[in-house]
Amino acid sequence: RRCGRMSLPRRLRHRLMPLMVVVLLYPLGGVALADDSEVTPDLAIAIEFVRKTRLNDNFKVIVAHVVQVTTTFAMLATEHPIRVIPVFRDKLYQVTAKHQDEWDRNLGESYLAIFTANELASLTEEGRKSPYFGKFQAERENAGELMQQRSEPLAAKASTEILSQMVME
């Protein structure tokens with residue numbers, strides 16, 4: 001066994017393999033992710049809105065929670081209690097950085113389904129002083145529900161990437 005590496009005992013790897021296959025294949029089951037198509041001017045305004053208002057800051061928290069409640073993470077934490085947190089943190093930052101633009105796009109599309117680009121631009125520039133701030137407060141829950149529908153597959157995909165990288169390390 002190499003010093004400083006998180007290698008699992010053979011018997012544990014064999015028990016985890018079916019779980020990892022399910023976790024790894026879950027995102028492939030008909031998941032539609034945001035494509036690389038051109039960003040429309042309205043979507044660009046919506047993405048700027050979610051970035052400037054920092055509504056997109058919850059991506060790491062959501063993915064961290066999804067990873068930490070898995071059996072795989074619990075087994076890794078039991079086997080490598082000292083090493084698992086620094087490795088997890090490193091993988092979390094790498095993977096969420098890789099998918100942040102997609103998360104921002106999904107969030108922007110969610111808000112654009114409820115607000116016009118002009119309303120989002122006003123909220124971006126004027127914040128609480130915007131004439132649309134009341135609508136923003138009233139519609140946050142709806143936007144959250146739309147975002148959840150759009151981004152559950154992305155959160156699962158990012159979580160799967162983190163877990164598979166941790167198991168392989």
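- V61 and L92 end up in different hydrophobic clusters when Ile, Leu, Val, Met, Phe, Trp and Tyr side chains are linked at under 4.5 Å.
- Proximity of Q165 to M168: side-chain heavy atoms (C-beta onward) are nowhere separated by under 4.5 Å.
- Between S130 and S122 the shortest heavy-atom distance is OG-OG, 2.7 Å.
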I'd like to know whether Y132 forms a ring-ring contact (aromatic ring centres under 6.0 Å, His included) with F115, so could you lay out the CA-CA distance, the side-chain angles of the two residues, the decisive distance to 0.1 Å, and finally the verdict.
CA-CA 9 Å; Y132 306 105; F115 296 89; 8.0 Å; no

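- Of the possible polar contacts, none joining the S151 side chain to the L154 backbone as a donor-acceptor pair under 3.5 Å is found.
- Taking F133 as the reference, F136 meet the ring-ring contact (aromatic ring centres under 6.0 Å, His included) condition, with sequence neighbours excluded.
- L120 is listed as a side-chain neighbour of L112, based on a closest heavy-atom distance under 4.5 Å.
- Looking at heavy atoms from C-beta onward, Y111 lies out of side-chain contact with L123 at the 4.5 angstrom threshold.
- Across all non-hydrogen atoms, the minimal contact from S110 to A143 is CB-O, 3.9 Å.
- When V84, V87, T71 are each tested for a side-chain contact (heavy atoms from CB on, under 4.5 Å) with L76, only one passes: V84.
- Ring centroid separation for the pair F73 and F88 comes in under the 6.0 Å cut-off.
- The two residues A158 and H99 have their closest heavy-atom pair at CB-CD2, 4.2 Å.
- In this structure, R105 and V39 have side chains that are in contact, with non-hydrogen atoms separated by less than 4.5 Å.
- For T160 (side chain) and A156 (main-chain N/O), a donor-acceptor pair under 3.5 Å exists by modelled atom type.
- A salt bridge (charged side-chain N to carboxylate O under 4.0 Å, His left out) check over residues 125-144, counting only residues at least two apart or in different chains, returns the pairs E119-K135.
- Looking at heavy atoms from C-beta onward, V95 lies out of side-chain contact with V63 at the 4.5 angstrom threshold.
- The nearest pair of heavy atoms linking T70 to V66 is CG2-O, 3.3 Å.
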Just do the side chain to side chain contact (heavy atoms under 4.5 Å, CB included) check on L107 and F59 with the steps written out, would you?
CA-CA 10 Å; L107 190 53; F59 185 40; over 6 Å; no

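- Here the closest heavy-atom approach between residue L43 and residue G108 is recorded as CD1-C, 4.1 Å.
- Among all heavy-atom pairs drawn from I45 and A121, the shortest one is CG2-N, 3.8 Å.
- Side-chain contact, Q149 with E145: no donor N or O sits under 3.5 Å from an acceptor N or O.
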